[in-house]
Peer 1: 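Supplied in structure tokens, the structure appears directly below.
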Amino acid sequence: MTTTPVTLTLTSPDDTAALAQTLGRALGAGDCLLLNGPIGAGKTHFSRHLIQSRLDTPEDVPSPTFTLVQTYQAGTAEIWHADLYRLSSVDEVEELGLSEAFETAICLVEWPEKLGPLTPRNALTLTFQPDPADEETRILTLGWTDPKWTPIVKALPK
Ligand SMILES: Nc1ncnc2c1ncn2[C@@H]1O[C@H](COP(=O)(O)OP(=O)(O)O)[C@@H](O)[C@H]1O
Ligand SMILES: [Mg+2]
């Protein structure tokens with residue numbers, strides 16, 4: 001079963017940060033967000049604000065461009081922030097420990113197409129598209145098949 005995707009308009013970086021915090025409050029161990037969109041679309045900006053709103057102790061959230069994965073402690077949950085742009089093969093997904101993290105942690109994954117067959121099927125997919133008419137606007141599409149996401153997405157401010 002595939003549900004109809006939901007589209008939101010984010011008119012500023014602050015708007016995206018607010019949505020990240022709201023969605024972040026709903027996440028627990030085993031929840032995964034797949035973050036799609038071109039370079040500069042706002043995937044890291046979204047992740048940074050989501051993570052910082054859940055951290056026990058404030059800390060910087062750098063882009064995991066070179067480390068591929070950064071992990072954070074959020075209460076009893078771990079948050080894994082991955083950027084798979086530089087991943088050379090799907091075998092590395094196992095080596096990084098990501099497959100296990102999909103079961104046990106909150107995972108935010110940039111460039112998720114690199115996961116190939118290891119893509120978690122219970123994930124929420126977020127696609128950020130720049131708006132050619134406005135530099136500060138992003139069109140965000142949310143898609144999912146796992147029904148656990150339906151009430152969470154429906155509760156997001158439109
Ligand atoms: N509505 C918006 N949502 C998110 N980022 C935005 C928005 N408008 C402008 N930006 C800017 O776009 C850039 C997005 O960069 P980044 O999050 O690193 O992108 P990505 O990780 O997708 O490559 C940031 O400089 C951010 O301030
Ligand atoms: Mg990024």
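Count residues from 1 along the sequence. Indexing begins at 1, ligand by ligand and atom by atom, following the structure's order.
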Peer 1: Surrounding CG of Asp56 (heavy atoms of other residues, nucleotides or ligands, distance under 6.0 Å), is the total greater than 12?
Peer 2: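 Yes.
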Peer 1: Checking Ser12 against Glu136: is there a side-chain donor and acceptor pair closer than 3.5 Å?
Peer 2: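 No - no donor-acceptor pair under 3.5 Å links their side chains.
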Peer 1: Tell me whether the Mg ion (ligand 2) has Asp83 as a neighbour, meaning an N, O or S atom of it below 2.8 Å.
Peer 2: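 So Asp83 does not bind the Mg ion (ligand 2) by this criterion.
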Peer 1: Quick check for students: name every N or O atom pair between ligand 1 and the protein closer than 3.5 Å, with distances.
Peer 2:
unit_1   : atom_1 : unit_2 : atom_2 : d
ligand 1 : 1 (N)  : Ser12  : O      : 3.2
ligand 1 : 1 (N)  : Thr16  : OG1    : 3.4
ligand 1 : 1 (N)  : Glu136 : O      : 2.9
ligand 1 : 3 (N)  : Thr16  : OG1    : 2.6
ligand 1 : 8 (N)  : Glu136 : O      : 3.4
ligand 1 : 10 (N) : Arg138 : NH2    : 3.2
ligand 1 : 12 (O) : Arg138 : NH2    : 3.1
ligand 1 : 17 (O) : Thr44  : N      : 3.3
ligand 1 : 17 (O) : His45  : N      : 2.8
ligand 1 : 19 (O) : Gly42  : N      : 3.2
ligand 1 : 21 (O) : Thr44  : N      : 2.9
ligand 1 : 21 (O) : Thr44  : OG1    : 2.8
ligand 1 : 21 (O) : Glu110 : OE1    : 3.2
ligand 1 : 22 (O) : Ala41  : N      : 3.2
ligand 1 : 22 (O) : Gly42  : N      : 2.9
ligand 1 : 22 (O) : Lys43  : N      : 2.9
ligand 1 : 22 (O) : Lys43  : NZ     : 2.7
ligand 1 : 23 (O) : Gly40  : N      : 2.8

Peer 1: I need the OG1(Thr44)-the Mg ion (ligand 2)-OE1(Glu110) angle, rounded to 10 degrees.
Peer 2: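 Rounded to 10°, it measures 90°.
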Peer 1: Counting heavy atoms not belonging to Lys158, are there more than 12 under 6.0 Å from its NZ?
Peer 2: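 Yes, because the 6.0 Å sphere around NZ of Lys158 holds more than 12 heavy atoms from other groups.
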Peer 1: State plainly whether the residues Asp15 and Arg138 are in salt-bridge range, i.e. N to O under 4.0 Å.
Peer 2: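 No, Asp15 and Arg138 are not salt-bridged.
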Peer 1: Quick check: do Ile139 and Thr9 have side-chain heavy atoms less than 4.5 Å from each other?
Peer 2: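 Touching, per the 4.5 Å side-chain cut-off.
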Peer 1: Can you find a pair of side-chain heavy atoms, one from Pro120 and one from Leu115, that are under 4.5 Å apart?
Peer 2: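 Heavy-atom side-chain distance check passes, below 4.5 Å.
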Peer 1: Under a 3.5 Å threshold, yes or no: a donor from one side chain and an acceptor from the other, between Thr44 and Glu110?
Peer 2: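 Thr44 vs Glu110: donor-acceptor pair found between side chains.
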